A.B. asks: 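The structure is given below, and queries will be raised subsequently.
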Protein chains: 2
Amino acid sequence: MEDGTFESLGYCADTGVDDDVLQWDQRADCEVRQILDRIADKWSLLVIALLDKRSLRFTELRRAIDGVSQRMLTRTLRHLERDGLVSRTVHPTVPPRVDYALTPMGETLHATVRSLVVWTEEHQNSIAAARAAYDLRAAAEQEATERDAAERAAIAHAALPQRP
Amino acid sequence: MEDGTFESLGYCADTGVDDDVLQWDQRADCEVRQILDRIADKWSLLVIALLDKRSLRFTELRRAIDGVSQRMLTRTLRHLERDGLVSRTVHPTVPPRVDYALTPMGETLHATVRSLVVWTEEHQNSIAAARAAYDLRAAAEQEATERDAAERAAIAHAALPQRP
DNA sequence: CGGTATCCCCTAAGATACTG
DNA sequence: CAGTATCTTAGGGGATACCG
């Protein structure tokens, strides 16, 4: 089963910290971080989005997602299943058939995630602009740095005129 | 500057795919994925959350976050700055002083992310329960597998009684 | 103080091959 | 078909040392 090391990290609500924010990310490495890591991992979101419309078989997902390896798809689905976001139904036919579907909780997560997608769509232009501006500033700055490095080198060279 | 390889990956809106979902994650490796990766990386969220209340100096952030290394904090801040989510103000005093603050866009992102945090808080019990149930099933299943593996081994052993 | 530059390690994810 | 097992690699991230 891969590596099997997720027995006992479900608790961590001890430490008497109440420094506000740290509560839901540092200490709550418990929950927020884990869900965040889940929804942000390379494939989970695609799977959830795909399953939102209808349940799908393993191979259907595999083909729909394109770049995913068998290993990664299995892993992703197991994680989602473990968290109760996706249900797995095995039909003991020949050849075997396994259907994956979103659970009710999975659906609510998808709905929530949508707001983030919307945010991104609304701000992608601003972000692109910000990046372009930043890169421009950075390039200009670096050029300046290099220029007066060359300048100083020239001065140093002029100061000791022996040896080419 | 570390490795400097982010010049030209701002475009990718070509490929005539319109397979629905793939639109905002596969192709939009452009935007959605990148923002997701940003908010999900180990420190960005903490920084954003911390800056939501007031602007902070580098060292204040460093101390507030605890496990973060200087390198990672700088990296994180640069990324956020590049994306236009955080602003950086250098005061040319001695000793130097640099203030970081959320931009208006950064604030809207934080607001959006909050809904995800809320979702997590609302569902953490269900998730924990789902995990416990899953782990229980998995353990039971494995035990069963091992048991009849032993059984088959015993049969095999009985079948060829020569050599201990 | 607020960074950069270097080295190094460890784990996530890809490729490949085998199985019920 | 729907996986598991095994090997390998890239890069995220920590530790450390130095600089303006």
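Note that the coordinates shown come from a computational prediction; the quantities given were computed from them, not determined experimentally. Throughout, protein chains are lettered first and strands after them, A, B, ... in sequence-line order, and every chain is numbered starting at 1.
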A.B. asks: To the nearest Å, give me how far apart CZ (B:Arg75) and P (D:dG11) are.
C.D. replies: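 In whole Å, D:dG11 P and B:Arg75 CZ are 11 Å from each other.
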
A.B. asks: I need the CG-P distance between A:Leu73 and D:dC1, as an integer number of Å.
C.D. replies: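 Roughly 14 Å, once rounded to whole Å.
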
A.B. asks: Less than 4.0 angstrom between a side-chain N/O of B:Arg57 and OP1 or OP2 of C:dG2, yes or no?
C.D. replies: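 B:Arg57 to C:dG2 OP1/OP2: side-chain N or O found under 4.0 Å.
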
A.B. asks: Return the value, rounded to whole Å, for the distance between atom CZ of B:Arg63 and atom P of C:dC1.
C.D. replies: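 It works out to 7 Å between those atoms.
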
A.B. asks: Closest approach of A:Leu50 and A:Ala64, non-hydrogen atoms and distance?
C.D. replies: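 Heavy-atom minimum between the residues: CD2-CB, 4.0 Å.
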
A.B. asks: Are A:Arg82 and B:Asp135 within salt-bridge range, i.e. N to O under 4.0 Å?
C.D. replies: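 Yes, this pair counts.
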
A.B. asks: Would you kindly give the CD1-to-P distance between A:Ile65 and C:dA13, to the nearest whole Å?
C.D. replies: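 So the two atoms are 13 Å apart, to the nearest Å.
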
A.B. asks: Could you check whether the side chain of B:Arg71 and the base of D:dG13 have a donor-acceptor pair of N or O atoms closer than 3.5 Å, going by distance alone?
C.D. replies: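 By the distance-only test, yes, there is a pair.
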
A.B. asks: With a 3.5 Å distance limit and no angle check, can you tell me whether A:Asp83 reaches the backbone of A:Leu85 through a side-chain donor-acceptor pair?
C.D. replies: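 Answer holds: no.
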
A.B. asks: Can A:Asp37 and A:Arg33 be counted as an ion pair, charged N to O under 4.0 angstrom?
C.D. replies: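 Looking at A:Asp37 and A:Arg33, the cut-off is met.
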
A.B. asks: Quick one, which residues of residues 87-100 of chain B touch DNA chain C with a heavy atom under 4.0 Å?
C.D. replies: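 Residues of residues 87-100 of chain B that come under 4.0 Å of DNA chain C are, in numerical order, B:Arg88, B:Pro95, B:Pro96, B:Arg97, B:Val98, B:Tyr100.
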
A.B. asks: Before accepting this row, confirm whether a basic side-chain N of the pair A:Asp52/A:Arg114 lies closer than 4.0 Å to the acidic partner's carboxylate O.
C.D. replies: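 A:Arg114 and A:Asp52: salt-bridged.
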
A.B. asks: Is the backbone N or O of B:Thr112 less than 3.5 Å from a side-chain atom of B:Ser115, with the two atoms forming a donor-acceptor pair by type?
C.D. replies: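 Flag set: sc B:Ser115 to bb B:Thr112 pair under 3.5 Å.
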
A.B. asks: To the nearest Å, how far apart are A:Leu46 CG and C:dA13 P?
C.D. replies: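 Answer to the nearest Å: 13 Å.
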
A.B. asks: Under 4.0 Å: is that the gap between some side-chain N or O of B:Trp43 and OP1 or OP2 of D:dG14?
C.D. replies: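 Yes.
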
A.B. asks: I need the CE-C1' distance between A:Met72 and C:dT11, as an integer number of Å.
C.D. replies: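 After rounding, the gap between these two atoms is 11 Å.
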
A.B. asks: Using atom types as modelled and distance alone, determine if a side-chain donor or acceptor of B:Thr76 lies under 3.5 Å from a backbone N or O of B:Ser44.
C.D. replies: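 No.
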
A.B. asks: For A:Asp41 and C:dG14, what is the distance between atoms CG and C1' respectively, to the nearest whole Å?
C.D. replies: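 In whole Å, C:dG14 C1' and A:Asp41 CG are 15 Å from each other.
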
A.B. asks: For residues A:Arg75 and A:Gln70, is any side-chain donor paired with an opposing acceptor at under 3.5 Å?
C.D. replies: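 No pair is found: no donor N or O on one side chain lies under 3.5 Å from an acceptor on the other.
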
A.B. asks: Over the length of the helix from C:dC1-D:dG20 to C:dG20-D:dC1, how much do the five-pair end axes diverge, rounded to 10 degrees?
C.D. replies: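 Taking the rotation axis at each end, their angle is 50°.
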
A.B. asks: Need to verify one output field. Residue with the more 5' nearest nucleotide on DNA chain C, A:Gln70 or A:Lys42?
C.D. replies: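 Result of the comparison: A:Lys42.
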
A.B. asks: Below 3.5 Å, can you tabulate the donor-acceptor pairs from side chains in residues 54-62 of chain B to any protein atom, sequence neighbours excluded?
C.D. replies:
unit_1, atom_1, unit_2, atom_2, d
B:Glu60, OE1, B:Arg57, N, 2.7
B:Arg62, NH1, B:Val68, O, 3.2

A.B. asks: Nearest-Å distance, CZ (A:Arg62) to C1' (C:dA15)?
C.D. replies: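 Between C1' of C:dA15 and CZ of A:Arg62: 11 Å.
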
